[in-house]
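Each chain gets a letter, A, B and so on, in the order the sequences are listed, and its residues count up from 1.
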Number of protein chains: 2
Amino acid sequence: MLQVSRKFEYGLHAVTYLATKGLGRVVTVKEMADEIGFSQEFLSKAMQSLKRAGIAASVQGVKGGYRLGKAIEEVTVADIALAIEGKPHLVRCGVKADRCEIFSSCHHRGYINTLQHKIQALLTATTIHSLLKEIEG
Amino acid sequence: MLQVSRKFEYGLHAVTYLATKGLGRVVTVKEMADEIGFSQEFLSKAMQSLKRAGIAASVQGVKGGYRLGKAIEEVTVADIALAIEGKPHLVRCGVKADRCEIFSSCHHRGYINTLQHKIQALLTATTIHSLLKEIEG
DNA sequence: CTTAATAGGGTTAAAATAGTCCTATTTAAC
DNA sequence: GTTAAATAGGACTATTTTAACCCTATTAAG
């Protein structure tokens, strides 16, 4: 429950790396994987997802690599989650459709949706920058 | 990412049921499973977890069943998550131990922990009662 | 003493996650 | 222009987690 996937962790870590050790240059997946100790191939997939979402930008070819695609102040946890995991689908109404009139299944969908919105709002309000600052400060 | 498990969903739904349709009596797992359309056996496991956590109380034997173990105002989403899924372990530092000096792995653990605390605080602040009220109101 | 319920261990099936492998494309350097 | 180092991405496999099922014990009402 509410555990982040490893791919999300890789992405989060990589963004932090780019924002702290990758300023003014492009960083290869190999460097990040070596430094951090992640699987290069798998981190590569995460970077591709981040690139598609505009969070990272890439340079192809020799001397290529990744840099941030936008200011770190503008990257939220929700952005990274969306880029890597796709739309969060917290709600999975297990109630059979034909029972919907019997019990308050719409209430159910309703309040679990409310919960989802609360979590989503929190993630959207949390930038990577702010997380880094909280640790340092 | 951040998707609730079915068991958690079952538990949440059951607590709501007890709080709305189970007042002043005990409700069997069979009744809840039939009404809501869940697997009886699996819901039973969820109820056992809720009972161990004090969220539900049980009566054994014929005419037995479940009722709420505490006031619905006092049951939070975090309580149900903890009862059913165990301690939330959002953080799973994938960084190899011997790399910890090289990169800011403690920062990493630090800020993902900060994120964890934020989510936990939200779930703890959210009672089932408040969710139900938000929908109705 | 039979029946309807919770309690719970153990096993299996299905789904999601994590990781690997291979190939194509891009581009700097020689 | 050939080579080498990098991203891009499709396809596959292994592992882990989740969901579900089966079976037996225990409890208590009638």
Side-chain angles (χ1 to χ4, degrees), chain A residues 1-11 13-14 18 22 25-34 36-67 69 81 83-90 92-94, chain B residues 1-11 13-14 18 22 25-34 36-67 69 81 83-86 88-90 92-94 96:
Chain A
M1 156 81 181
L2 295 180
Q3 178 162 336
V4 300
S5 70
R6 200 156 285 257
K7 197 174 173 191
F8 173 82
E9 191 192 344
Y10 284 13
H13 213 149
L18 292 179
R25 64 184 180 114
V26 296
V27 181
T28 65
V29 169
K30 187 172 187 306
E31 174 182 336
M32 288 192 282
D34 279 358
I36 308 174
F38 287 162
S39 148
Q40 186 173 335
E41 295 257 21
F42 201 51
L43 176 57
S44 172
K45 301 289 164 137
M47 293 314 300
Q48 286 170 30
S49 298
L50 291 175
K51 191 230 160 180
R52 278 185 223 108
I55 296 169
S58 71
V59 175
Q60 287 192 315
V62 185
K63 300 277 179 185
Y66 290 96
R67 54 183 167 74
I84 286 187
E85 316 257 347
K87 242 199 165 37
H89 188 59
L90 193 68
R92 279 196 298 198
C93 190
Chain B
M1 156 78 179
L2 295 181
Q3 177 161 337
V4 301
S5 70
R6 198 157 288 256
K7 197 174 174 193
F8 173 81
E9 191 193 345
Y10 284 13
H13 213 147
L18 292 178
R25 64 183 179 111
V26 295
V27 181
T28 65
V29 169
K30 187 174 184 312
E31 173 183 336
M32 288 192 282
D34 280 357
I36 309 175
F38 287 162
S39 148
Q40 186 173 333
E41 295 255 21
F42 200 52
L43 176 58
S44 172
K45 300 286 164 135
M47 293 314 298
Q48 286 169 29
S49 298
L50 291 176
K51 190 229 159 182
R52 278 184 222 108
I55 296 168
S58 71
V59 175
Q60 287 191 315
V62 185
K63 300 277 179 186
Y66 290 96
R67 54 181 167 73
I84 286 186
E85 316 259 347
H89 189 59
L90 192 70
R92 276 196 302 196
C93 189
K96 287 172 189 159

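- Atom pair B/Ile84:CD1 and D/dT17:P shows a separation of 19 Å (rounding to whole Å applied).
- Side-chain contact between A/Met32 and A/Leu18 is present, with heavy atoms from C-beta onward closer than 4.5 Å.
- A/Lys7 contributes atom NZ, which lies 9.0 Å from atom CG of A/Leu50 (distance to the nearest 0.5 angstrom).
- Within the structure, every side-chain polar atom (N or O) of B/Ser39 is placed at least 4.0 Å from both OP1 and OP2 of D/dA19.
- Taken to the nearest 0.5 Å, the CD1 atom of B/Ile55 stands 9.5 Å off from the CE atom of B/Met47.
- Applying the side-chain contact (heavy atoms from CB on, under 4.5 Å) criterion to B/Lys30, with sequence neighbours excluded, gives B/Thr28, B/Asp34, B/Gln40.
- At the phosphate of C/dT17, neither OP1 nor OP2 sits under 4.0 Å from any side-chain N or O atom of A/Tyr10.
- Here B/Thr28 does not reach the OP1 or OP2 of C/dT6: none of its side-chain N or O atoms lies under 4.0 Å away.
- In terms of heavy-atom proximity, B/Ala56 sits nearest to B/Tyr66 at CB-CD2, 4.2 Å.
- Rounded to a whole Å, the CZ atom of B/Arg25 is 18 Å from the P atom of D/dA29.
- Remark: B/Ile84 CD1 to B/Arg6 CZ distance equals 13.5 Å, nearest 0.5 Å.
- When the P atom of D/dA8 is taken as reference, atom NZ of A/Lys30 falls 18 Å away, rounded to whole Å.
- Taking each heavy atom of B/Val27 and B/Gly22 in turn, the nearest pair found is CG2-CA, 3.7 Å.
- In this structure, the CG atom of A/Leu43 is 12 Å from the C1' atom of D/dT7, given to the nearest Å.
- Within residues 47-55 of chain B, no residue is approached by DNA chain D to less than 4.0 Å at the level of any non-hydrogen atom.
- For B/Ser44, no side-chain nitrogen or oxygen approaches OP1 or OP2 of C/dA7 to under 4.0 Å.
- Checked against side-chain contact (heavy atoms from CB on, under 4.5 Å), A/Val26 has the following partners two or more places apart in sequence or in another chain: A/Val59, A/Arg67.
- Scanning for salt bridge (charged side-chain N to carboxylate O under 4.0 Å, His left out) contacts around B/Glu41 gives an empty result, with sequence neighbours left out.
- At its two ends the helix from C/dC1-D/dG30 to C/dC30-D/dG1 runs along axes set 10° apart, each axis drawn from five pairs and the angle rounded to 10°.
- Pairs passing the side-chain hydrogen bond (donor to acceptor under 3.5 Å, both in side chains) check and including a residue from residues 43-62 of chain A, sequence neighbours excluded, read A/Ser44-A/Gln48.
- Between A/Gln40 atom CD and D/dT7 atom C1' the separation is 11 Å, expressed in whole Å.
- For the atom pair CD1 of B/Ile36 and OH of B/Tyr10, the computed distance is 10.0 Å after rounding to the nearest 0.5 Å.
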Worksheet item: Using a cut-off of 4.0 Å between protein heavy atoms and nucleotide atoms, how would you tag nucleotides 21-30 of chain C 5' to 3' with B, S and -?
Response: BB---BBBS-
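- Nucleotides of DNA chain C nearest to A/Phe42 and B/Gly65 differ in position, and the one nearer the 5' end is that of B/Gly65.
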